[in-house]
Amino acid sequence: MKKTLIVSALVTALLFAYPLQGFANPTAEKENVLVIGDFQPLSGPGAALGVGNHRGVELAVDDINAQGGIKVGGKKYMLKTIVYDHKGTAEGGVTAANKLVFDDGVKFIVGTVGSGPSIAATEAVFTENKILFCTTGWNPKCLGQDRPYNFRLHGTGREYGTAFYEWAAKNLPEVKRVAIIAVNDPAGFAAAEDSKAVAESLGMTVVATEFFERGTTDYYPFLTRLMAKNPDVIDTGGSKPDEDGLMTKQLYELGYKGKIAAAGQVPSTTLKIAGKEASEGVYLMQTIAYDSPGAVITAEQKEFAKKYTEKYGDPLVPYQAEKCYDMVIGLVKAIENANSFDTTVVRDELEKTGWKLLSGHMSRWGGVKTYGIRHNLIIPIYINQFRNGKVATVGYAMPDIP
Amino acid sequence: MTGQLVVQTILNSFMLSGLYILIASGLTLVLGVIHIINFAHGAFIMLGAYAIYFLSARWGVPYLFAFVISVFTLGALGMVVEKFLYHRFWGKVLPCLVVAVGLTQVIQQGALVAFGIESKYMDSIFRGTITFLGARFSVERLMVVVIASVLVLGLLIFLKTTKIGMAMRAAAQDTDAAILQGVSISKAAQLAMFIGCGMAAAAGMIIAPIFRADAYMGELLLTKAFMIIIIGGMGSLPGAIMGGLLVGFIDSVGQTLIGYPSQILLFILVIVVLLVKPTGLFSGIVFTIEA
């Protein structure tokens with residue numbers, strides 16, 4: 001009897017504790033706390049990137065709080081960030097979005113990796129509730145006039161692909177035959193389409209395109225098919241860090257001698273999985289080498305990389321983390337300028353607010369012609385290569401997003 | 001298809017077949033002896049992968065020693081599961097399904113909490129590559145074939161030649177008759193779970209260095225193992241071997257020829273087998289659902 005009572009009491013306590021947890025969460029703007037929401041792939045193949053991106057958000061929040069927070073309507077607010085795992089899936093995206101908006105009362109969201117979760121969350125929750133959402137999702141559907149509260153904080157396959165293939169056309173004249181492999185989700189389709197369009201516009205031939213299911217670990221069959229077409233370069237640019245690493249490792253095992261153009265968003269993950277030998281010479285389209293000699297890196301970027309490494313112990317800092325940092329800084333500036341938490345007012349302010357990016361450039365928005373709305377942040381792109389287990393910057397481009 | 005591509009595709013299928021046979025053999029053995037579909041089989045694959053990651057990659061225990069220790073420990077855990085959870089549901093498909101799915105959830109979520117959400121990667125244990133007729137294959141993939149062959153062959157010999165092995169086969173063929181002959185069904189069931197879960201753990205341990213260890217890694221492999229035992233015949237070890245060979249070959253050839261949509265081929269094959277020969281190609285058991 002006594003045992004039953006104890007168990008019943010524990011179960012009852014648990015049942016009551018769970019919903020109370022929701023009420024206990026600091027809702028945005030209450031108790032002088034502004035919550036910047038985030039939802040990322042914190043498990044699965046995109047986890048390394050999701051974790052890295054959220055660290056960028058955290059570092060921006062730390063810096064703003066260290067300067068005393070922000071002032072809106074005559075009151076001071078400290079920043080806080082909440083992150084949920086969407087596992088890289090559309091349904092996970094909707095669940096996380098519902099938690100952020102309806103449980104936590106978040107109005108501003110920065111950092112999300114993945115087109116699938118971004119699009120699903122936008123269509124199910126964000127647009128209807130006027131949530132200001134800054135994503136990294138590549139798919140064209142992440143932006144548009146029908147989703148006016150969405151902004152993109154970095155480039156897409158179009159910009160990264162253009163930067164790499166234009167650089168390759170000049171510096172790697174032997175690259176004529178391109179093979180593309182990407183995940184079969186909205187981000188992968190967009191990446192493959194972008195790379196194909198850019199490569200073909202430069203006179204290269206796309207000899208094969210393969211799509212794999214997210215969660216795949218054995219790429220031998222896909223890579224065998226690609227290698228049979230004798231490509232000069234295999235473009236894995238639409239993949240997540242874990243996928244990049246496994247593909248690089250398996251291409252090496254299969255004896256592939258051509259070039260690899262990987263996304264490389266989190267170089268330390270690629271290196272850890274594939275190893276130094278297999279990674280040697282791999283091009284990385286979506287990262288940055290903060291200590292590469294000759295690279296166009298500002299003191300602010302170096303300082304950011306130093307803080308990142310000191311706080312998280314990872315010497316290879318993902319580029320998207322820097323962009324998430326930039327976006328939080330810009331968003332907070334827009335909120336202060338607007339002197340309001342109303343997302344429509346803040347959105348209008350963000351469209352015209354200029355702030356200095358860590359790269360030293362003033363922020364600019366593009367994309368009216370390309371993405372249907374001028375909500376794509378224009379950022380510099382670095383072409384990098386693994387050399388002797390380190391990332392070296394070999395090229396640089398400032399994309400145009402009309 | 002060039003000659004080299006054909007060789008490469010066949011080599012690729014060897015590893016998949018070896019892996020699938022290893023996993024399906026353990027699953028079908030448990031099914032045959034206890035008449036329980038061990039839905040937690042995939043969780044044991046995952047536990048094996050984590051075990052080798054922590055023991056070998058993190059704590060420096062020699063791979064072979066870590067392998068043996070983990071197989072025995074996780075096999076013993078399988079016996080505990082049988083004794084305290086499955087035992088009372090022998091032959092009852094639905095209650096056991098609920099218990100096994102619940103157990104899988106507990107193990108998976110426990111792994112996320114205990115080991116973290118990020119996938120774990122470790123260095124190759126068997127380094128290098130081999131070249132055969134122009135096609136390349138990593139040594140660690142070759143070792144999957146070798147280790148799986150040794151374990152499955154060992155199981156076959158054990159079941160054919162030892163007294164306890166024959167008792168297990170008897171229990172699988174006719175439980176009542178086996179009891180009348182003095183076979184301890186409880187012991188046979190315990191041993192079946194020990195071997196089945198140990199083999200699942202072994203599968204996890206040989207693929208962790210090739211791919212990775214994560215909490216959900218067993219799910220897809222378990223699905224493949226189910227397909228194999230349906231095709232080969234539920235409870236039939238030769239069925240698991242032939243089914244594993246077939247599914248590994250279809251996976252490799254199909255994906256190389258037509259890409260990911262080839263997965264549909266496997267489902268079509270399963271449906272055809274269920275329609276034409278529900279006992280499987282190697283005459284396994286036909287189950288009736290008893291709630």
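Not measured: the values here are computed from a predicted model. In what follows, chains are A, B, ... by sequence order, proteins preceding strands, each numbered from 1.
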### Proximity breakdown for A:Tyr220 and chain B, heavy-atom pairs closer than 4.5 Å
both
Using only non-hydrogen atoms and a strict under-4.5 angstrom cutoff, which residues of [range] touch chain A?
| range | value |
| --- | --- |
| residues 142-150 of chain B | none |
| residues 198-211 of chain B | B:Pro209, B:Ile210, B:Phe211 |
| residues 122-141 of chain B | B:Ser124, B:Thr129, B:Arg136, B:Phe137, B:Ser138, B:Glu140, B:Arg141 |

#### Entry: Best-contacting candidate, A:Gly50, A:Ala47, A:Gly255, against chain B by heavy atom pairs under 4.5 angstrom
A:Gly255
Within a reach of under 6.0 Å around [atom1] of [X], are more than 12 heavy atoms found that belong to other residues, nucleotides or ligands?
| X | atom1 | value |
| --- | --- | --- |
| B:Gln108 | CD | yes |
| A:Lys196 | NZ | no |
| A:Tyr312 | OH | yes |

### Query
When rounded to the nearest 0.5 angstrom, what is the spacing between CG in A:Leu42 and CG in B:Leu112?
11.5 Å
### Candidate list A:Thr217, A:Leu246, A:Asp242, A:Ile273, test side chain to side chain contact (heavy atoms under 4.5 Å, CB included), partner B:Ser119, passing option
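Result for side chain to side chain contact (heavy atoms under 4.5 Å, CB included) with B:Ser119: A:Asp242.
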### Message
Contact between A:Asp218 and B:Gln255 at the side-chain level, heavy atoms closer than 4.5 Å - yes or no?
### Response
no
### Query
Is the shortest heavy-atom distance from the side chain of A:Lys249 to the side chain of B:Tyr121 under 4.5 Å?
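No; the side chains remain at least 4.5 Å from each other.
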### Contact listing (chain B partner; residues 221-230 of chain A; heavy atom under 4.5 Å)
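The residues closer than 4.5 Å to chain B, in numerical order, are A:Pro221, A:Phe222, A:Thr224, A:Arg225, A:Ala228.
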